Amino acid sequence: MARLAQTAGLTDIQQEILSTVRDFVDKEIIPVATGLEHRDEYPQQIVDGLRELGLFGLMIPEEYGGLGESLLTYALCVEEIARGWMSVSGIINTHFIVAYMLKQHGTQEQKDHFLPRMAAGDIRGAFSMSEPALGSDVSAITSKAVKDGDEYVLNGQKMWLTNGGTSSLVAVLVRSDEGHSPEEAAAKPHKSMTTFLIEKEPGFGEVRPGLTIPGKIDKMGYKGVDTTEMIMDGLRLPANRVLGGTTGRGFYQMMDGVEVGRVNVAARGCGVAQRAFELGVSYAQQRHTFGKPIAQHQAIQFKLAEMATKVEAAHAMMVNAARKKDSGERNDLEAGMAKYLASEYCKEVVEDAFRIHGGYGFSKEYEIERLYREAPMLLIGEGTAEIQKMIIGRRLLEEYRFQG
């Protein structure tokens with residue numbers, strides 16, 4: 001029987017990459033994921049393996065030492081990795097958002113300085129928009145950069161940095177009202193934001209003068225990967241660490257990166273849903289009730305049919321969003337739809353697999369228990385379902401404007 005969620009039209013190179021990643025996931029991630037997750041242990045051996053495979057340079061152009069692959073290839077690799085353990089896909093996601101932003105918006109000096117080392121995995125990336133009181137309202141950012149001679153001084157508190165401790169490069173969005181009057185900055189806050197590139201030492205505590213990573217946030221799921229706060233208190237950065245070299249463009253640079261992130265989250269949802277289906281359909285054929293495997297009961301067959309259909313639908317939308325971005329077209333509508341559908345379907349498929357397991361699904365000995373705690377993060381990451389609906393609704397009204 002063919003596996004679910006196959007992708008038509010892939011090149012031989014893409015198929016070879018995916019086959020290699022799939023083998024790595026089956027042999028190196030799935031057997032150890034639950035144990036690492038329960039201990040909340042950073043998967044260093046797995047990360048080293050991904051580095052050896054060249055995955056940290058997957059989307060970085062060949063001229064900088066990367067593989068120069070497409071967003072589609074990356075998304076399909078993320079889908080496979082999330083099928084093994086979603087936390088591992090988070091480790092490479094923020095890295096690639098930063099690499100993508102550098103590739104698209106960085107100065108030549110910034111590309112030459114960062115991208116070769118990012119492709120090799122020597123520099124790991126993280127990006128930061130959110131703040132403790134911010135939620136989804138990016139225009140309400142209060143962290144600020146003030147110019148002081150040839151430098152900028154950054155102050156403020158950031159929240160929810162994936163790879164905050166293990167990263168050595170953070171792309172951070174702050175206010176920079178340079179060149180704007182207070183009235184202009186208040187009226188058009190998105191034009192008063194700048195992305196800065198912060199180099200730091202990996203670890204916790206004061207990781208460079210004026211920059212503190214307090215420690216890991218304890219989470220319900222999505223363990224292993226470090227999620228942190230970041231405190232900037234008089235952090236001084238040279239002007240050449242403004243992404244693209246010009247202030248006031250940070251919001252648009254970040255939103256471009258977030259579109260990549262939303263395709264990634266959709267891919268993660270597809271991967272987790274696939275694994276939940278695999279666990280559910282396998283358990284349903286092993287567990288017997290009333291003298292036969294529960295898979296032979298019509299109620300369970302209906303549930304499996306619904307789960308498989310959702311896996312296929314989410315995968316198709318994720319692939320469409322990735323291909324739209326690769327074509328150079330605007331894909332915020334497709335990325336929003338894919339992220340919304342994949343995260344919602346992932347939650348539903350995981351819950352159905354959990355129900356199929358019955359009481360055993362509640363046991364930490366069974367993998368589905370971990371997936372049940374991981375799936376909710378996808379409902380929130382890279383914008384909630386409500387935010388996706390707002391994006392989708394606005395774009396639909398642009399496309400279907402009433403002519404009366």
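Worth saying up front: this structure is predicted, and the values here are computed from it rather than measured. We're numbering straight along the sequence, starting at 1.
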>> Is any side-chain heavy atom of Glu131 closer than 4.5 Å to one of Gln157?
In response: no

>> Under a plain distance cut-off of 3.5 Å, with no hydrogens placed, do His105 and Asp256 share a side-chain donor-acceptor pair?
In response: yes

Tabulate below the donor-acceptor pairs under 3.5 Å that side-chain atoms of residues 313-321 make, not counting sequence neighbours, or state none.
unit_1 : atom_1 : unit_2 : atom_2 : d
His315 : ND1    : Glu79  : OE1    : 3.3
His315 : ND1    : Glu79  : OE2    : 2.8
His315 : NE2    : Ala5   : O      : 3.3
His315 : NE2    : Thr7   : OG1    : 2.8

>> Is it the case that atom CZ in Arg39 sees more than 12 heavy atoms from other parts of the structure closer than 6.0 Å?
In response: yes

> Ignoring hydrogens and geometry, is there a side-chain-to-backbone donor-acceptor pair from Ser87 to Lys223 under 3.5 Å?
Replying inline: yes

>> For residues 44-54, which residue pairs pass the salt bridge (Lys or Arg N to Asp or Glu O under 4.0 Å) check, not counting sequence neighbours?
In response: Arg51-Asp122

> Run the side chain to side chain contact (heavy atoms under 4.5 Å, CB included) check on Leu53 and Thr20 step by step: do they pass?
Replying inline: CA-CA 8 Å; Leu53 291 177; Thr20 301; 3.8 Å; yes

>> Is it true that Lys219 and Thr227 share a donor-acceptor pair across their side chains at a distance under 3.5 Å?
In response: yes

>> Quick one, Arg3 and Arg22 - any side-chain contact, counting heavy atoms below 4.5 Å?
In response: yes

> Of the non-hydrogen atoms in Ala145 and Val174, which two are nearest, and what is the gap between them?
Replying inline: CB-CG2, 3.8 Å

>> Given 3.5 Å as the limit, does a donor-acceptor pair link the side chain of Gln285 with the main chain of Val281, or not?
In response: yes

>> Nearest 0.5 angstrom please: Ser128 OG to Ile198 CD1, how far?
In response: 7.5 Å

> Any side-chain donor-acceptor pair under 3.5 Å between Gln286 and Ser282?
Replying inline: yes

> Can you say whether the rings of His357 and Tyr366 are parallel (under 30°), tilted (30 to 60°) or perpendicular (over 60°)?
Replying inline: perpendicular

> When you measure from the side chain of Asn155 to the backbone N and O of Gly234, does any donor-acceptor pair fall under 3.5 Å?
Replying inline: yes

>> Just to verify, what does Phe354 make a ring pair (Phe, Tyr, Trp, His ring centres under 6.0 Å) with, not counting sequence neighbours?
In response: Tyr372

>> Can a donor-acceptor pair be found, under 3.5 Å and without considering hydrogens, that links the side chain of Thr228 to the backbone of Lys216?
In response: no

>> Using side-chain heavy atoms (C-beta onward) and a distance below 4.5 Å, is Ile30 in contact with Arg275?
In response: yes

>> Under 4.0 Å between a side-chain nitrogen and a carboxylate oxygen: does that hold for Arg83 and Glu80?
In response: yes

>> Check whether Ser167 reaches the backbone of Asn163 with its side chain - one donor and one acceptor, N or O, closer than 3.5 Å.
In response: yes

>> Are more than 12 heavy atoms, taken from residues, nucleotides or ligands other than Lys144, located less than 6.0 Å from that residue's NZ atom?
In response: no

> Between Arg262 and Asp332, is the closest basic N to carboxylate O distance under 4.0 Å?
Replying inline: no

> How close do Pro214 and Ile231 get, heavy atom to heavy atom, and via which atoms?
Replying inline: CG-CD1, 3.9 Å

>> Let's go through Leu173 and Thr194 carefully: what are the C-alpha distance in whole Å and the side-chain angles of both, what is the deciding distance for side chain to side chain contact (heavy atoms under 4.5 Å, CB included) to 0.1 Å, and is it a yes or a no?
In response: CA-CA 6 Å; Leu173 185 65; Thr194 298; 5.9 Å; no

> For Leu378, does its backbone N or O pair with a side-chain atom of Lys339 as donor and acceptor, under 3.5 Å?
Replying inline: yes

>> What I want to find out is whether Lys310 reaches Glu306 closely enough, with some N-O distance under 4.0 Å, to be called a salt bridge.
In response: no

> Should we count CZ of Arg208 as having more than 12 external heavy atoms under 6.0 Å?
Replying inline: yes

> Does a salt bridge link Glu229 with Lys158, judged by any charged N lying under 4.0 Å from a carboxylate O?
Replying inline: no

> Are the side chains of Thr162 and Ile91 in touch, meaning some heavy atoms are under 4.5 Å apart?
Replying inline: no

>> Could you tell me if Glu329 and Ser327 have a donor-acceptor pair between their side chains, going purely by distance under 3.5 Å?
In response: yes

>> Does any part of the side chain of Trp85, heavy atoms only, come nearer than 4.5 Å to the side chain of Glu374, both counted from C-beta?
In response: yes

> So does Gln104 have more than 12 non-hydrogen atoms from other groups sitting under 6.0 Å from CD?
Replying inline: yes

> Going from OG1 on Thr107 to CD on Gln110, what distance comes out if it is rounded to the nearest 0.5 angstrom?
Replying inline: 3.5 Å

>> Run the side chain to side chain contact (heavy atoms under 4.5 Å, CB included) test on His95 and Phe56 for me, step by step, so that the C-alpha distance in whole Å, both residues' side-chain angles and the decisive distance to 0.1 Å come before the verdict.
In response: CA-CA 8 Å; His95 176 83; Phe56 282 100; 3.7 Å; yes

> So, are Arg373 and Glu37 salt-bridged, with charged N and O less than 4.0 Å apart?
Replying inline: yes

> Which pair of heavy atoms, one from Val311 and one from Gln274, lies closest together, and at what distance?
Replying inline: CG1-CG, 3.6 Å

>> One pair to check against side chain to side chain contact (heavy atoms under 4.5 Å, CB included): Leu67 and Tyr74. What are the steps and the verdict?
In response: CA-CA 11 Å; Leu67 298 179; Tyr74 168 62; over 6 Å; no

Solution key, residues 238-251 side-chain donor-acceptor pairs under 3.5 Å, sequence neighbours excluded:
unit_1 : atom_1 : unit_2 : atom_2 : d
Arg241 : NE     : Glu199 : OE2    : 3.2
Arg241 : NH1    : Glu109 : OE1    : 3.3

>> Whether the Glu206 and Thr212 side chains hold a donor-acceptor pair (N or O, under 3.5 Å, no angle test) is what I'd like checked.
In response: no

>> Could you report the tightest heavy-atom contact between Met129 and Met255, atom names first, then the distance?
In response: SD-CE, 3.6 Å

> What pair of heavy atoms forms the shortest contact from Met254 to Phe127, and how long is it?
Replying inline: SD-CD1, 3.7 Å

> Which heavy-atom pair separates Ala75 from Val263 by the least distance, and what is that distance?
Replying inline: CB-CG1, 4.0 Å

> Got a donor-acceptor contact below 3.5 angstrom from the Ser70 side chain to the Thr73 backbone?
Replying inline: yes

>> Using only atom types and a distance under 3.5 Å, with no angle test, would you say the side chain of Asp226 pairs donor to acceptor with the backbone of Gly164?
In response: yes

>> Under a 4.0 Å threshold between the charged nitrogen and the carboxylate oxygen, would Asp112 count as salt-bridged to Arg117?
In response: no

> How about Asn264 and Phe96: do any of their side-chain heavy atoms sit closer than 4.5 Å?
Replying inline: no

>> Please check: side-chain N/O of Lys200 versus main-chain N/O of Val207, any donor-acceptor pairing under 3.5 Å?
In response: no

> What residue pairs, at least two apart or across chains, pass ring pair (Phe, Tyr, Trp, His ring centres under 6.0 Å) with a residue in residues 19-46?
Replying inline: none

>> Can you confirm whether Cys77 sits close enough to Leu58 that some side-chain heavy atom of one is under 4.5 Å from a side-chain heavy atom of the other?
In response: yes

>> For Gln44, is the CD atom crowded, meaning more than 12 foreign heavy atoms sit under 6.0 Å from it?
In response: yes

> Under 4.0 Å between a Lys/Arg side-chain N and an Asp/Glu carboxylate O for Glu398 and Arg395?
Replying inline: yes

>> Check this for me: does any side-chain nitrogen of one of Glu367 and Arg370 sit under 4.0 Å from a carboxylate oxygen of the other?
In response: yes

> Within the side chain of Asn331, is there an N or O that forms a donor-acceptor pair under 3.5 Å with the backbone of Lys324?
Replying inline: no

> So do Leu197 and Leu102 actually touch side chain to side chain, heavy atoms under 4.5 Å?
Replying inline: yes

> ring pair (Phe, Tyr, Trp, His ring centres under 6.0 Å): which pairs involve residues 192-248, sequence neighbours left out?
Replying inline: Tyr152-Phe196

> With a cut-off of 6.0 Å (strictly less than), are more than 12 heavy atoms of other residues, nucleotides or ligands near CD1 of Ile13?
Replying inline: no

